[in-house]
There are 2 protein chains.
Amino acid sequence: MTSLQNLELAVDEACCAPSGQAVLSAEDAQRKALVFKALADPNRLRLLSIVKGAGGGEACVCDLTEPLDLGQPTVSHHLKILVDAGLLHREKRGTWAYYSLVPGAIEQTAGLLASL
Amino acid sequence: MTSLQNLELAVDEACCAPSGQAVLSAEDAQRKALVFKALADPNRLRLLSIVKGAGGGEACVCDLTEPLDLGQPTVSHHLKILVDAGLLHREKRGTWAYYSLVPGAIEQTAGLLASL
DNA sequence: CACATGGATTGACATTCATCGATATAGTTG
DNA sequence: CAACTATATCGATGAATGTCAATCCATGTG
């Protein structure tokens, strides 16, 4: 991570410019692309799907490793990308880390498409 | 291109399974990821934006090379990815190739998010 | 405190990707 | 047909990405 240190909640930031009919600026395109990059991996899409359908709307890493058939470090890595993109929320309780959908983030991302 | 020879119109194919509450299958995730991969590049987002805002809803490569500050082969490459993803339509008239948004494709892609 | 466990981080490696220069193809025009 | 123009394709190259094994950190529990 070089110049893009702390770009959490990319979903929020990706819709700051007035938007509308003008051509997407390079900067706005960059921000929006970050969100879609997070969605551009089959395993990450499945992670979102599993978390969405999980009981209580949250799941811990141990629940996610097996269905994806991936190692724990890899799952942890994907989850971090989804958190950085503003799509997932992470809450640590005791030894476990619980991940849940950020409310409205999916809809907001869909909105990014409409405001192209 | 190896085993993924002819997967044009990925947007259409990416929503075939019944979908709903079940966890995304690996195959569905793969298909949906292809569409988001096409959107996961700032220059491709700008291409969509420019085509969307262009007069007559279409633009040729020569209109797109300059605003992106990219070489013609690179722009052509990006356009092909967007066409393969089912987001853009290509029509060749004379020497020029005119690109336009596939009607409903953007909305359909937004729908992919809702049906995660 | 020693140990076990859930999870994050690091480093390495192979694959994919964005970009470019060079070239090929296909219309257009003289 | 020759020259020109608009695009597409090819080959190479450097950067980004997905994955894993190993390790580290924190929180429990005996």
Side-chain angles (χ1 to χ4, degrees), chain A residues 1-5 7-8 10 26 29-30 33-48 50-51 58-85 88-100, chain B residues 1-8 10 26 29-30 33-48 51 58-85 88-100:
Chain A
M1 217 176 272
T2 57
S3 62
L4 304 171
Q5 310 95 331
L7 51 87
E8 307 217 341
Q30 178 89 29
L34 277 172
V35 182
F36 291 119
K37 256 196 250 269
L39 295 169
D41 179 275
N43 287 317
R44 286 199 287 271
L45 289 179
R46 298 189 77 197
L47 282 175
L48 288 177
I50 295 175
V51 169
E58 58 181 15
C60 62
V61 180
C62 54
D63 295 332
L64 301 168
T65 294
E66 183 223 325
L68 289 200
D69 197 33
L70 288 178
Q72 173 265 317
T74 304
V75 172
S76 213
H77 172 238
H78 285 311
L79 288 169
K80 177 172 171 41
I81 290 174
L82 290 170
V83 169
D84 288 350
L88 282 188
H89 172 251
R90 182 184 113 104
E91 184 189 352
K92 187 154 188 182
R93 287 203 301 273
T95 314
W96 289 271
Y98 293 93
Y99 288 86
S100 55
Chain B
M1 217 177 271
T2 60
S3 62
L4 303 173
Q5 310 95 332
N6 212 356
L7 51 88
E8 306 219 340
Q30 178 89 29
L34 278 172
V35 182
F36 292 118
K37 255 196 252 271
L39 296 168
D41 180 275
N43 287 318
R44 286 199 288 271
L45 289 179
R46 298 189 76 193
L47 282 175
L48 289 176
V51 169
E58 57 181 17
C60 63
V61 180
C62 54
D63 295 332
L64 301 168
T65 293
E66 182 225 323
L68 289 200
D69 196 34
L70 288 178
Q72 173 266 319
T74 303
V75 172
S76 214
H77 171 239
H78 284 311
L79 288 169
K80 177 171 171 42
I81 289 175
L82 290 170
V83 170
D84 288 350
L88 282 188
H89 172 249
R90 184 184 112 106
E91 184 188 354
K92 186 152 191 185
R93 287 202 303 270
T95 315
W96 291 269
Y98 292 92
Y99 288 87
S100 55

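Numbered from 1 within each chain, the chains take letters A, B, ... in sequence-line order. The figures here come from the full heavy-atom set of this structure, side chains too, leaving out hydrogens, waters and symmetry mates.
Rounded to the nearest 0.5 angstrom, A:Gln30 CD and B:Asp41 CG are separated by 9.0 Å. Residue B:Lys37 holds its NZ atom at 11.0 Å from CD1 of B:Ile81, rounded to the nearest 0.5 Å. Rounded to the nearest 0.5 angstrom, B:Asn43 CG and B:Leu48 CG are separated by 11.5 Å. With rounding to the nearest 0.5 Å, the separation of CG in B:Leu79 from CG in B:Leu64 is 6.0 Å. The CG atom of B:Leu82 sits 11.5 Å away from atom NZ of B:Lys80, with the distance rounded to the nearest 0.5 Å. Atoms CG and OH, on A:Leu88 and A:Tyr99 in that order, are 8.0 Å from each other to the nearest 0.5 Å.
As rounded to whole Å, 11 Å separates atom C1' of C:dT29 from atom CH2 of B:Trp96. Distance CG (A:Leu47) to P (C:dG7): 13 Å, rounded to an integer number of Å. With rounding to whole Å, A:Arg90 atom CZ is found 9 Å from C:dG7 atom P. To the nearest angstrom, C1' of C:dA18 lies 13 Å from CG of B:Leu68. Following rounding to the nearest Å, A:Leu79 (CG) and C:dT9 (C1') show an atom-to-atom distance of 14 Å. If you measure from atom CZ of B:Phe36 to atom C1' of C:dT16, you get 20 Å, rounded to the nearest angstrom. Between the CD atom of A:Glu66 and the P atom of C:dG6 there is a distance of 14 Å, rounded to whole Å. Protein atom CG of B:Leu88 is 12 Å distant from nucleotide atom P of D:dA8, rounded to whole Å.
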Could you write out each protein N or O paired with an N or O of nucleotides 13-15 of chain C at a distance under 3.5 Å?
none

Look for any protein N or O under 3.5 Å of an N or O in nucleotides 1-3 of chain C and output each such pair with its distance, or none.
none

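Closest approach of A:Ala38 and A:Arg44 over heavy atoms only: O-NE, 2.7 Å. The minimum heavy-atom distance between B:Ala59 and B:Val51, with the atom names listed, is CB-CG2, 4.5 Å. Between A:Leu47 and A:His78, the closest heavy-atom pair is CD1-CB, 3.6 Å. Shortest non-hydrogen contact noted between A:Arg90 and A:Ala97 is NH1-CB, 3.7 Å.
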Next on the checklist: Across nucleotides 17-27 of chain D, 5' to 3', mark each nucleotide with B, S or - according to how protein heavy atoms within less than 4.0 Å reach it.
Outcome noted: SSBBBB----S
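At the phosphate of C:dA8, OP1 or OP2 sits under 4.0 Å from a side-chain N or O atom of A:Tyr99.
Ion pairing between a basic and an acidic side chain is recognised when a charged N comes within 4.0 Å of a carboxylate O; B:Arg93 and B:Glu58 show such pairing.
Within the nucleic acid shown, B:Tyr98 has no heavy atom closer than 4.0 Å to any nucleic acid atom. Within the nucleic acid shown, A:Arg93 has no heavy atom closer than 4.0 Å to any nucleic acid atom.
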